[in-house]
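Bear in mind that the values here come from a model prediction, so they are computed numbers and not experimental data.
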Amino acid sequence: MTHLINKSGHFDYIWNNDLWPKHAPILFPAIGRSNDDAYLINGHKYEMPQHGFVADFDFDVTDKKR
C-alpha cells in the first residue's frame, strides 16, 4: 500500500517523500527493533526483523466496501 487517502479530509495518511528509497512501510506487528530481533511468547522464541515483517509482503484486496 502506498497511499491511504481520506477523501473528505483531503489528505494522505501515509507519508511519502524522496528522502526514503522505499515508500512509507506498514509497520506490523512491531515498530522498531526488539531485543535480539526476536520475541519470546509462551516460552517459544519467534524471530522478528526490525519494524516487523509486513512491509516486505504483497497483498491483494479481497473485499472493498464504501
Side-chain angles (χ1 to χ4, degrees):
M1 178 177 356
T2 59
H3 295 281
L4 181 59
I5 297 172
N6 180 318
K7 290 183 179 181
S8 63
H10 306 290
F11 65 89
D12 192 343
Y13 288 102
I14 300 177
W15 180 76
N16 290 284
N17 191 296
D18 60 0
L19 298 175
W20 289 345
K22 297 169 76 175
H23 289 287
I26 304 298
L27 307 177
F28 181 84
I31 299 172
R33 173 166 271 141
S34 61
N35 294 339
D36 300 322
D37 290 327
Y39 286 89
L40 187 63
I41 300 173
N42 295 328
H44 190 271
K45 186 176 180 179
Y46 296 91
E47 302 295 322
M48 178 68 64
Q50 181 177 0
H51 301 314
F53 55 86
V54 173
D56 295 324
F57 282 83
D58 292 328
F59 292 88
D60 295 320
V61 175
T62 58
D63 190 15
K64 178 181 174 184
K65 297 178 182 165
R66 289 185 148 243

task = Nearest 0.5 Å please: distance from the OH atom of Tyr13 over to the CD1 atom of Ile5.
result = 11.0 Å
request  = Apply side-chain hydrogen bond (donor to acceptor under 3.5 Å, both in side chains) to the pair Asp60 and Thr62, showing each step before the final yes or no.
outcome  = CA-CA 6 Å; Asp60 295 320; Thr62 58; over 6 Å; no
ask   = Is the CG atom of Asn6 crowded by more than 12 outside heavy atoms at less than 6.0 Å?
value = yes
request  = Taking atom CZ of Phe59 as the centre, report whether more than 12 heavy atoms of other residues, nucleotides or ligands fall under 6.0 Å from it.
outcome  = yes
ask   = Would you call the rings of Tyr46 and His44 parallel, tilted or perpendicular if under 30° counts as parallel and over 60° as perpendicular?
value = tilted
key: For Ala38 against Lys45, the heavy-atom pair lying closest together   = CB-CE, 3.4 Å
request  = Check Asp37 against Gln50 and note the closest heavy-atom contact, atom names and distance.
outcome  = OD1-N, 4.4 Å
N/O donor-acceptor pair under 3.5 Å between His51 side chain and Ile31 backbone = no
request  = State yes or no: do Phe28 and Met48 share one hydrophobic cluster built from I, L, V, M, F, W and Y residues joined by side-chain heavy-atom distances below 4.5 Å, directly or via other members?
outcome  = yes
